[in-house]
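This report refers to the structure that appears directly beneath it.
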Number of protein chains: 2
Amino acid sequence: MKSDSTYRSPCPLSKALDLIGDKWSLVIVRDMCMGKSKYGDFQHSDEGIPTNILANRLRQLEEFGIIEKRSYQEKPTRYEYLLTRKGADLLPVLQQLVLWVQKYDNDCIEPPEGFLTALPEDLMAQRDNPQ
Amino acid sequence: MKSDSTYRSPCPLSKALDLIGDKWSLVIVRDMCMGKSKYGDFQHSDEGIPTNILANRLRQLEEFGIIEKRSYQEKPTRYEYLLTRKGADLLPVLQQLVLWVQKYDNDCIEPPEGFLTALPEDLMAQRDNPQ
DNA sequence: CTGGTCACTTGTTTTTTACAAGCGAATTTC
DNA sequence: GAAATTCGCTTGTAAAAAACAAGTGACCAG
């Protein structure tokens, strides 16, 4: 996951930020909450994540146990990325961030229907029954 | 605050990360939630924020309307930094981050008594009646 | 066999961060 | 009253990370 000595302190908040405190990790998690799962899906999101950063973050998120990489076809082998339960449990964090921005910024777009009321369990169910 | 064109996209989540998506901003907000208000207080926190980064983040947080800088003495002029209502409203975000880490990491320390049940209003009250 | 897609990797430049030192105003120590 | 110390920063500079651009290998389609 991440060795103790690489955290800045044992404070849970700073530990959280050591894992996902950057501009891109939660954008990828957001995409996965919306049902995206392929490298190209993430790459084509509006924010325009650089491809090397995307590859790096997917590696890290997997290392941290937030996502799982699994192959969904052979010839050529292709992978998809799915939220683990730990990853799905970040949903309340995303929801609070969205609520915060919505309160103070009128120019942001609406999250998709149901996003603010969804539960981590819903993401796990969706994961096992991809549409 | 931050001009529209500097955001990566109009998505509320990515906007939130454009404002506070880094390793230090929320550590400073956390300190302020715990009643710290002076430059030196932040500087001496366990995580050991570099002083130039601290100065930079305080400037940014003020620019974003998350904190307020005000002088509390003359000769020499000294400043303290306080959460605005917008800043206090980040508390639920911090709380969710802490809950998330606590669920998956047994080695993190406990947040102070009452942290997880506090409300943004409590921080504002505390602000006007410093102990 | 030519071209295209997908999922990346590999340079290289630019930006950000980290670390160390310094500084001005004032206050404290001797 | 001179010297040292504190506070709240700023200014270099080196190291790390991010951004940008191009390339690669496996496959498929025509």
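Numbered from 1 within each chain, the chains take letters A, B, ... in sequence-line order.
- Distance, A/Asn56 CG to D/dA16 C1': 12 Å, rounded to whole Å.
- Across all strands shown, A/Phe42 has no heavy atoms under 4.0 Å from either base or sugar-phosphate atoms.
- Across the protein-nucleic acid pair, B/Ile28 atom CD1 and D/dC9 atom C1' stand 14 Å apart, rounded to whole Å.
- For B/Gln73, the CD atom counts as densely surrounded, since its 6.0 Å shell holds more than 12 non-hydrogen atoms of other residues, nucleotides or ligands.
- By the 4.0 Å N-to-carboxylate-O rule, A/Lys2 lies too far from A/Asp18 to be salt-bridged with it.
- Between A/Arg78 and C/dT5 there is no side-chain polar atom (N or O) within less than 4.0 angstrom of OP1 or OP2.
- Both A/Lys38 and B/Thr51 lie close to DNA chain C; mapped to their nearest nucleotides by heavy-atom distance, the more 5′-ward contact belongs to A/Lys38.
- A close approach under 4.0 Å does not occur between any side-chain nitrogen or oxygen of A/Lys69 and OP1 or OP2 of C/dA7.
- Whole-Å rounding puts the B/Arg70 CZ to D/dG8 P distance at 15 Å.
- Candidate nucleotides C/dA7, C/dT27, D/dA18 were compared by shortest atom distance to the side chain of B/Pro76, and C/dT27 ranks first.
- At the phosphate of C/dT9, OP1 or OP2 sits under 4.0 Å from a side-chain N or O atom of A/Arg59.
- The phosphate of C/dC6 has neither OP1 nor OP2 within less than 4.0 Å of any side-chain N or O from A/Tyr72.
- A/Asn52 comes within 4.0 angstrom of a nucleotide base, judged by non-hydrogen atoms across all strands.
- Among the nucleotides C/dT27, D/dA18, D/dT10, the one closest to the side chain of B/Ala55 is D/dT10.
- In summary, B/Glu121 and B/Arg85 engage in a salt bridge, as defined by a charged side-chain N under 4.0 Å from a carboxylate O.
- Counted by atom type alone, B/Tyr7 and A/Asp107 present zero donor-acceptor pairs between their side chains at under 3.5 Å.
- Here B/Trp24 reaches the OP1 or OP2 of C/dA18: one of its side-chain N or O atoms lies under 4.0 Å away.
- The distance between atom CG of B/Asp41 and atom P of D/dG8, rounded to the nearest whole Å, is 8 Å.
- Separating the CG atom of B/Asp18 from the P atom of C/dT15 is a distance of 17 Å, rounded to the nearest angstrom.
- Rounded to an integer number of Å, the gap from B/Leu58 CG to D/dC9 P is 7 Å.
- In this entry the distance linking NZ of A/Lys23 with C1' of C/dT16 reads 11 Å, nearest Å.
- Nearer to the 5' terminus of DNA chain D, by closest-nucleotide assignment, is the contact made by B/His44 (compared with the other of B/His44 and A/Thr77).
- Using a distance-only test at 3.5 Å, with no hydrogens or angles considered, no donor-acceptor pair links the side chain of A/Arg30 to the main chain of A/Leu94.
- As a whole-Å value, the separation of B/Asp22 CG from C/dT15 P is 18 Å.
- When each of D/dC27, D/dA18, C/dT9 is scored by its nearest atom to the side-chain atoms of A/Tyr39, the top-ranked nucleotide is C/dT9.
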